Asker: 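Dropping the structure in here first, questions after.
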4 protein chains.
Amino acid sequence: MTEARPVRRQARGERRIAEILDAALALFAEAGYEGTSTNAIAARAGISPGSLYQYFPNKDAIADALSQRLLDELRAAHAAAFDLTDVAGAPIAGLVSRVVDPLVAFNVAHPGARALLGDAATPAAVTGRSRPLHAAVTDRVTAIVQARAPHLPTPDAERTAFVTVQIVAALMGPIVAASGPDRAALVTELKNALTGYLTPLTE
Amino acid sequence: MTEARPVRRQARGERRIAEILDAALALFAEAGYEGTSTNAIAARAGISPGSLYQYFPNKDAIADALSQRLLDELRAAHAAAFDLTDVAGAPIAGLVSRVVDPLVAFNVAHPGARALLGDAATPAAVTGRSRPLHAAVTDRVTAIVQARAPHLPTPDAERTAFVTVQIVAALMGPIVAASGPDRAALVTELKNALTGYLTPLTE
Amino acid sequence: MTEARPVRRQARGERRIAEILDAALALFAEAGYEGTSTNAIAARAGISPGSLYQYFPNKDAIADALSQRLLDELRAAHAAAFDLTDVAGAPIAGLVSRVVDPLVAFNVAHPGARALLGDAATPAAVTGRSRPLHAAVTDRVTAIVQARAPHLPTPDAERTAFVTVQIVAALMGPIVAASGPDRAALVTELKNALTGYLTPLTE
Amino acid sequence: MTEARPVRRQARGERRIAEILDAALALFAEAGYEGTSTNAIAARAGISPGSLYQYFPNKDAIADALSQRLLDELRAAHAAAFDLTDVAGAPIAGLVSRVVDPLVAFNVAHPGARALLGDAATPAAVTGRSRPLHAAVTDRVTAIVQARAPHLPTPDAERTAFVTVQIVAALMGPIVAASGPDRAALVTELKNALTGYLTPLTE
DNA sequence: CATGAATGAGGCTTCATTCAT
DNA sequence: CATGAATGAAGCCTCATTCAT
């Protein structure tokens, strides 16, 4: 019993954090980062404004923690769906599917992730926050590109990965927003675009 | 005297409006839409806050008018650089260049257009504002797609145009932000991506 | 008429500033610096919180401006009541009266000046604000001390002035708070203390 | 078992109280009364906020208890260093030293006492708290004054004591804040001032 | 039609205090 | 009696918008 407490306490704390991040994620998705007030996050999380600050020192920290959480989830999801061992000679189209499908699933499961993925289009300087999600995904894609096209100089691989991620990010919003058949169609387009873009690199 | 005035007044009014939009464009580029205050716009435009509201009913209206103005300019620029008459059998790569180059030139000339182009990634619901620029560009691209691939059903052509525009928009930010050689490299990537994406449609 | 406006405008602005400072002075006197909210100052000044910030960038600036205003008034009052030309051989007791009386009159006329005079006892580090009033008065007293006791090394004169001002400041609160006869008695005590302290320096 | 506990409990309680007051004293010295949060006091005392309120009903009560404790300590220190039996015909300068030295020692040993000594300059009405320390010291000084100048009417003796204490308090801050040689110089000045002030009373 | 002072709601954050465990 | 999460009022400040001049 005396041992159970810290656990339960800690558990409660982590649940609270999760609730706050859930609330923030939902609101960021609805109104963006700037359009979401900390009081609104607290209210949505079912706590008082003061409580919010027991878990996060300020609004930015919430966004950062949310980014981190999404990043972890994304990493886990992607790792589960994709391993780098058999990339070598695989056909591009298949690779693209294996990269895109988990990403789409993830984003559909987490609408609002995009608000943190941080408008690819918006310079970080403007928002004042970094975009760890983006960077992490780009790193991952760079690795895949280099595994598949080993002859490509690193800077080129990085640029390719960057462009790829931008394209994916650009279409993820519409994909998430679309309903069943439209979504599938957009996903197909995305894959076609990526395949068309990446195929020449390996020839 | 009473007859001469309206003209001059109107002229002055339009100049004022242009100045306001110039100011807004610059500030949106620097700090984003939310990060830009109407007072700041007025100050940059060299007028008082009260005067600003003589020309625009609210902040959103400024963004809308700016979108419209950019749209007009873009349309004009694009029309000057591109005509639809010889699209029929032209090679895709060339077409892509003819579409992309003026767009890049336009965006480089108008950094900040992107703040209005409205983060392709950000649903209009979030910003609360529509994205006429985007829609107009998409229409234009749809026309080109249909001219080049007449057999494509209209919905497909529209989707293709949409995806194309998303891709362009997604890379325009980095392109504008990049310096000389990096910018050129990114433009090349963009063209490659578009060419890779669009070529299969005509086969 | 067209010329009158800027003047009236400016006049109104300065009146507003004066009203704000009056309100701040009264409230600082009642509740101290920390105990006084900017909203309270605005309310007492009969304006909205927002208006307050049209004239001052933040709370500290109000305190600083108030210090400056009090300083100016004090300087004027003291200059009017005291000149340095005949200090040389004057008897200390008379000098003390000539210094103390205007100060007392000033502080009685401006209760609350003390809140800015900045609790001699409170290190500036704590309040985060400097104490220009104090410094100015000390400078003035240093000058008088050096005029009366020319042989005194400067550091000693400065320390003497500092101690003098501390003593005056320490008793000014009670003096201002006291009623007629008690006040007079305290003023006499203050003068006696200063005379007793300063007389040996000139022998 | 039930009988043994109360003692230990009480002992522990007093130790807790002492720790809280220690923490409060340190923090008051660093940041002043208003600048010190109860949570900070609890943290510094190594307990939880809730526990703090088990010992004190509110923040003011902490300050009051601290005042009381300082008062007791001061009384003890002073009683040890000074007895009233031989005051009668003693030279003023010596008396002053015997009063001032323990006070300085005490304040140096307890920086932060001043925050409670309650800015001599700040009316109690402002802080909302009384100043028992001040009152007690004044009583003590009144007794000394009356022992040394028996002919002085009580009200005069009280006023003299009050002024004396104000002067001491006014210089105690700078004295505590000063380093070695500067401190000594200030202490000398303080003694000179008091001697100059008090000597005439006995003639 | 210009001006710029005025407005006041609302945002982020702190903190004295309470309460469930 | 300890804990520490929870509370919510209040503080400072910003900004879209209005209004007197």
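These figures come from a predicted structure and were not determined experimentally. The figures here come from the full heavy-atom set of this structure, side chains too, leaving out hydrogens, waters and symmetry mates. Chain A is the first sequence line, chain B the second, and so forth, proteins listed ahead of strands; every chain is numbered from 1.
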Asker: Examine dC1(E): is either OP1 or OP2 under 4.0 Å from a nitrogen or oxygen in the side chain of Arg16(B)? Give yes or no.
Answerer: no
Asker: I want to check something: taking the side chain as every heavy atom from C-beta on, are Leu25(A) and Leu70(A) in contact at a cut-off of under 4.5 Å?
Answerer: yes
Asker: Go through the structure and list residues passing side-chain hydrogen bond (donor to acceptor under 3.5 Å, both in side chains) with Ser37(D), not counting sequence neighbours.
Answerer: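 Counting only residues at least two positions away or on another chain, Ser37(D) forms no side-chain hydrogen bond (donor to acceptor under 3.5 Å, both in side chains).
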Asker: Suppose we define a pair by two distances each less than 3.5 Å, Watson-Crick or G-U wobble; what does dT21(E) pair with here?
Answerer: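 WC or wobble partner is dA2(F).
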Asker: Just to be sure I understand the rule, does Tyr55(D) reach a base, reach only the sugar-phosphate, or reach nothing, if contact means heavy atoms closer than 4.0 Å?
Answerer: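 Result for Tyr55(D) = sugar-phosphate.
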Asker: Is the distance from OP1 or OP2 of dT7(E) to the nearest side-chain N or O of Ser48(C) less than 4.0 Å?
Answerer: yes
Asker: Quick one: do Arg69(C) and Glu73(C) make a salt bridge, cutoff under 4.0 Å?
Answerer: yes
Asker: Any side-chain heavy atom of Ile62(B) within less than 4.5 Å of one from Leu52(B)?
Answerer: yes
Asker: Roughly, in whole Å, what's the span from CG in Leu27(C) to P in dG11(F)?
Answerer: 12 Å
Asker: When the distance from CD of Glu14(C) to C1' of dA5(E) is rounded to whole Å, what number comes out?
Answerer: 15 Å
Asker: Output one letter per nucleotide in nucleotides 14-19 of chain E: B when a protein non-hydrogen atom lies under 4.0 Å from the base, S when only the sugar-phosphate is that close, - when neither is.
Answerer: BBBBB-
Asker: Run the salt-bridge test on Lys59(B) and Glu34(B) with the 4.0 Å N-O cut-off and return the result as yes or no.
Answerer: no
Asker: Pairing check on dC12(E): which nucleotide meets the Watson-Crick or G-U wobble criteria with it, both distances under 3.5 Å?
Answerer: dG11(F)
Asker: In whole Å, what is the span from the CD1 atom of Ile62(A) to the P atom of dG11(E)?
Answerer: 14 Å
Asker: Please report, rounded to the nearest Å, how far the C1' atom of dG11(F) is from the CD1 atom of Ile41(C).
Answerer: 12 Å
Asker: Within the 4.0 Å heavy-atom criterion, would you say Ile47(A) contacts the bases, only the backbone, or no part of the nucleic acid?
Answerer: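 Result for Ile47(A) = sugar-phosphate.
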Asker: For Asp72(D), give me all partners under side-chain hydrogen bond (donor to acceptor under 3.5 Å, both in side chains), at least two apart in sequence or on another chain.
Answerer: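 Partners of Asp72(D) under the side-chain hydrogen bond (donor to acceptor under 3.5 Å, both in side chains) test: Gln68(D).
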Asker: dC1(F), dT7(E), dT3(E): which one has an atom nearest the side-chain heavy atoms of Gln54(C)?
Answerer: dT7(E)
